[in-house]
Each structure stands twice: as structure tokens, then as C-alpha cells.
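Shown next, in C-alpha cells, is the structure this report addresses.
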Amino acid sequence: MNAPAVTGPAWDLSQEYESVGDPALENDLKALTELLDQIEGLNGHLGDDGDVPTAQSIAKLSEEATRLLSNVSTYTHCLLSVDSQDDAAQKLGGRLQNFSKRCGDLFEPLSQFIDDASEGIIEDYLSDPDVAPSAFLVRHSRARRHENLTLDEESLVNGLSQDGIHAWGRLYDQLAGSLQCEVQRGNEVETMGLAQAAGLMTSADDTLRQNAWRGINAAWEAHEEACAASLNSIAGWRLEMCKQRSRHQPVHFLDAPVHMNRISRETLDTLIAVAEEAKPLAQKAALLQARAYGKDGFGPWDLRAPAPVLESGGENAIEFNDAVAVISESYGSVDGAMSDFVRMMIDNRWVEGTVGPRKAPGAYCTGFAKSRTPRVYSTYTGGQSDVITLAHELGHALHSWVMRDLPDSQTSYGMSLAETASTFGETLVRDNLLARATTNQQKLDILWEEMSAFTAFLLNIPTRFEFEKKFYEARAERPLRPEELKDMMSSAWESWYGASLAEADPLFWANKLHFYISGLSFYNFPYLFGYLFSLGVYAQRASEGGGFYERYVALLRDTGRMTAEDLAEKHLGVNLKQPEFWKGTIDSLATRVDAFERLLDDIADV
Ligand SMILES: [Zn+2]
């Protein structure tokens with residue numbers, strides 16, 4: 001195989017460890033074992049009714065242990081991403097699983113102590129300057145302490161859940177991994193796995209996309225009883241747990257997901273109401289996307305369609321250095337420090353962009369807990385979307401970089417805020433590329449991506465949310481039959497897509513993995529929140545002008561120690577429980593829909 005014409009550099013991980021055999025790595029694991037032994041010894045004393053000094057010691061030891069485990073895990077994950085067959089890394093990964101499990105078991109008593117202790121004991125616990133930074137996490141966790149069962153009951157539930165709720169999730173995963181489907185391709189019918197068929201849904205060939213979607217759904221329909229049994233059981237388990245946890249006050253099925261995302265029910269309700277109001281605009285965008293393909297309606301198979309190709313010849317590959325220059329320039333339009341950051345990432349060789357046969361697909365940002373340095377993983381081949389992906393991941397990297405001096409307990413944030421810096425960086429670069437685009441195809445490629453995101457977040461995500469909420473409400477009465485689930489799903493599609501819809505996706509409840517994640521429910525609204533919130537921050541940049549960067553960094557630094565509402569109040573002066581901020585974001589998107597419409601008019605006139 002010839003090397004591709006355009007590619008990116010390899011990253012350098014040697015600042016952490018030279019190799020899997022590096023003695024420094026074994027030393028870290030040895031230190032980790034010692035820390036865990038110490039915690040094990042101390043855990044025995046924690047039960048003696050509120051032993052605060054013991055709890056404080058465990059907290060500090062756990063933080064250190066987490067840092068070491070995370071460092072070695074990140075290293076292993078990085079190696080396996082570049083070479084999935086790396087034998088030494090595979091073996092190391094296997095060893096780390098035991099460490100993870102041991103950490104999980106050993107950290108549990110402290111989290112129960114934190115939830116169960118009286119307010120006075122917690123104040124005492126937080127008075128230690130090394131423990132004090134965890135105040136937000138502690139208080140946030142305690143906000144749901146009224147739901148706790150007794151220790152024995154919690155451990156019984158936890159034990160049974162492995163072959164209960166989690167087994168239903170695994171059954172679905174196994175089904176999804178082994179199902180085959182038939183896809184009509186030209187004159188032939190091909191048999192393939194679901195992942196391969198899903199890949200065809202990103203094809204520019206409208207018929208092929210639709211055929212792939214029909215093939216996938218036919219495969220799922222044959223297993224609709226198994227899927228319905230799984231979905232009914234997962235929801236049934238959660239509803240029963242809500243009932244059991246309602247001893248002190250009623251527990252709703254949305255309490256856990258909003259708490260996890262560090263937002264309130266009120267904010268969620270406002271968010272959905274604003275999406276409801278934005279429906280006509282989002283439906284207009286979906287109709288315009290259909291029009292670009294010469295169709296009257298938007299189908300479920302169009303969700304990941306690429307921009308239509310106007311002219312043959314294809315795009316010119318963008319050299320990696322040129323991509324970095326564009327990103328650095330775009331980031332620099334906010335502040336010089338942001339372009340310096342991009343340069344630093346490249347100069348330190350903290351970005352992976354090579355092409356290789358054993359590389360994992362996709363892109364991500366990670367970081368080493370000991371040195372607090374980020375790494376960006378990608379496969380760079382010179383497409384415009386590669387440039388956008390790089391800009392996105394560098395945004396994540398910037399987010400962690402500006403937090404690098406904060407205590408460990410303040411550096412993790414909920415999914416609702418996780419995409420703030422990445423979407424921000426991505427939008428900066430996209431706007432820059434759009435401004436310098438000279439051909440209609442270039443403009444279409446960029447605006448198409450924006451419209452795809454807009455319709456996915458404002459129509460498809462609410463469709464999933466509406467279905468899931470209605471399903472939980474109905475499931476509280478009895479399990480639903482596959483036919484009922486199909487009807488419920490179709491009406492959710494119709495209510496959100498309205499006239500823009502070519503055809504509903506009645507089996508979306510069966511073919512969408514997100515509904516079967518046994519560890520968390522409502523894996524949908526955080527996407528909508530994150531999208532609108534980050535674009536809202538971006539819109540503030542346009543209106544605020546000078547001094548924005550300092551405020552932006554201050555906001556990012558607080559993402560690990562505040563609720564989303566408090567963060568928005570403090571740094572943006574807005575109330576997320578009220579619709580104004582969200583509506584402002586929608587208004588900024590309306591101008592982009594208009595630009596897309598004008599471009600389609602221009603293209604039609606040619
Ligand atoms: Zn991201």
C-alpha cells in the first residue's frame with residue numbers, strides 16, 4: 001500500500017514513559033499497590049461512626065492512587081489507539097483492569113461515608129485544606145443522599161444488577177455485534193454487519209443510504225421482541241429503583257440524569273421548551289438539506305449524509321502544517337494566547353495525526369494526570385473535516401490546559417459542559433474557513449456540516465428525549481409491546497420533524513444503542529444542552545469584544561466546581577432556567593440557516 005499523500009505527525013509519549021517496559025511505569029504501579037494497601041487498612045476504621053481523620057486520609061490517598069492509575073491507563077490507551085495489536089500494551093491493559101476493580105471496591109466506603117455523615121461531620125471533614133477543594137463534589141453527591149438505601153440493600157442491589165439491568169444491556173450489545181443485514185447495492189444484495197451498513201449511511205449516494213437504513217431496520221425488526229424485552233426491563237428496573245429510593249421524598253426517573261449533568265429539572269424543562277419554539281427554524285433547515293439533494297423531505301437515512309457534490313474533481317488535500325496555521329490563526333483571533341497554545345501542542349509533539357493500518361478510528365483528547373499535559377489523537381488525511389476535527393480536539397486540550405494547576409477534585413466536569421471549549425474551537429475555525437472559501441462547494445461543505453449539527457441537536461435529540469420520557473411514563477403502568485413502541489417512536493419523529501419529514505423511523509428505539517446503555521438513562525438532552533450552551537458562549541464573544549479571553553478562561557476553570565447554572569450566572573450573567581440565553585443562541589443560528597438558504601439559491605442560479 002502506498003503512503004497517503006497527506007498525513008500528520010506522530011505524537012511523543014516519551015515524556016511519560018519510554019515504553020511499556022520502562023521501570024518508571026513499574027514504579028508507578030508499585031506505588032499504586034502500596035497506596036491501595038494503605039486504603040484497605042484504613043477502610044476498616046471508617047465504619048466506627050464518623051472517624052473524620054481516617055476519611056481525610058483515605059481521600060488524599062485515593063486521589064494519589066487515581067492519579068497513578070489514570071496515568072498508566074492513559075498511556076496504555078494511547079499505545080493501543082495507534083496500534084491495536086500492540087501485545088505488550090494489551091497485556092498491560094489486562095493488568096490494569098484488576099487495579100481498576102480494586103480501586104472501585106476500595107473507594108466505595110469513603111463515598112458512602114460522604115453521603116451518610118451528618119452535616120457537622122462533613123464540615124469537619126472539609127476543614128482539611130487538602131480535602132477542602134472537593135467541597136463541590138461532596139455537596140453535589142450529598143444532594144441525592146435522601147435516595148440512599150441501607151448499606152446492605154445498596155450492596156444487594158449492586159450485586160443483583162450485574163445479571164439484572166446490566167445483563168439486558170449486554171444482551172443488546174451482543175445482538176448488535178452479531179446481527180447481519182442485507183443491503184441492496186446497485187443490482188446486488190450484499191450481506192454485512194450492522195457497523196458496515198451504518199457506515200454506508202454516510203455515503204453521498206441517496207439510494208444507497210436509504211437501502212442501508214432499510215436493511216438495518218429489517219434486521220432489527222426480526223429481533224423486536226428481544227429488544228422490547230430488554231428496553232422494558234432496563235426501564236422497569238430503574239422505575240422500581242425510583243420507587244424503592246422514594247422513602248424520604250419522591251424520586252423521579254429524570255432526577256438521576258439531571259443530577260449527573262449538574263443541571264436542574266427547571267433548566268431541562270426550559271431547554272426543551274426553547275427547542276420546541278425553535279422547531280420551525282430547525283424544520284426549515286432540514287427541508288433545505290433535503291432540497292440540496294433534490295428531495296421534498298428529510299429521511300432518517302439523511303442524518304449523517306455528506307454535503308452533495310456539486311463539481312467533480314474533489315477537494316484539494318490540506319497539508320498538516322497548513323491546517324495548523326489555519327487553526328492557530330482562528331484561535332488567535334480571540335487572543336494570542338490561544339494561537340500560542342496551538343503552536344505549543346505541535347512543538348511539543350502532543351498531537352498524533354499519522355495514518356496507519358492498525359490505528360483505532362476516530363479522534364479524541366486525553367491527558368496525563370501526573371504531568372497534567374494533554375494529548376490529541378487523530379488520523380489526519382487532509383480533508384476539511386480533518387481540520388475541523390483537529391480544531392475540536394484542540395479545544396478539549398485547551399480546556400484541560402487552563403485547568404492544569406487546579407486540584408484533581410476540581411478537574412472533571414459533567415457531559416453538559418464537556419463540549420464547551422471543543423465546539424467553541426471548532427466554530428472559530430469553521431467561520432474562518434467559510435470567510436476564506438472561494439467556491440460554492442467549499443461553502444456548501446461548511447454550511448452543510450453546520451446544518452447537519454443544527455438539525456441533529458434541535459430535532460433528532462428532542463425526538464429521542466420525547467420518546468424516552470413518554471416511554472418511562474407508560475412503562476410505569478406495564479411493559480409495552482413492540483407495536484406500541486413503534487407507534488410511540490413514529491409520533492415522536494412526526495411531532496419534531498413535522499412537514500420536513502419524508503418518513504419516520506419506527507424502529508429507532510431498537511436500532512439506537514443509546515437507549516440500551518444500562519449505566520445511564522436519557523443519554524440525549526446533554527447533547528442539546530452542550531451544543532446550545534457552547535454556541536451561546538461563542539455568541540458572547542461576538543458581543544463582548546475586549547477582555548473576552550480572560551473571562552472565557554475563568555469560565556472554563558470553573559467547569560469542574562460548579563453547577564452549569566451557577567457557572568452561567570457567574571461568568572455570563574445569564575439565568576439558564578429562563579429562556580432568554582437559549583433564545584439568543586437560536587437567533588445566532590438563524591443567520592446561519594439564512595446563509596445556507598442563500599447559498600442554495602446561488603447554486604440553483606448557476
Ligand atoms: Zn468533543
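Residue numbers run from 1 in the order of the sequence given. Remember, it's 1-based here, ligands and their atoms both numbered in the order they're listed.
With Tyr523 as the aromatic partner, Arg464 does not meet the cation-pi criteria of under 6.0 angstrom to the ring centre and within 45 degrees of the ring axis.
When the Zn ion (ligand 1) is compared with the N/O/S atoms of Glu419, atom OE1 turns out nearest. In terms of distance to the Zn ion (ligand 1), the nearest N, O or S atom of His392 is named NE2. Shortest distance from the Zn ion (ligand 1) to His396 is reached at NE2 (N/O/S atoms only).
Note: Tyr172 and Trp220 meet the aromatic proximity criterion, with ring centroids under 6.0 Å apart.
Between Phe515 and Phe508, the angle of the ring planes goes over 60°, which puts this pair in the perpendicular group of the 30/60° scheme.
Note on Lys359 versus Asp83: no salt bridge recorded, every NZ/NE/NH1/NH2 to OD/OE distance being 4.0 Å or above.
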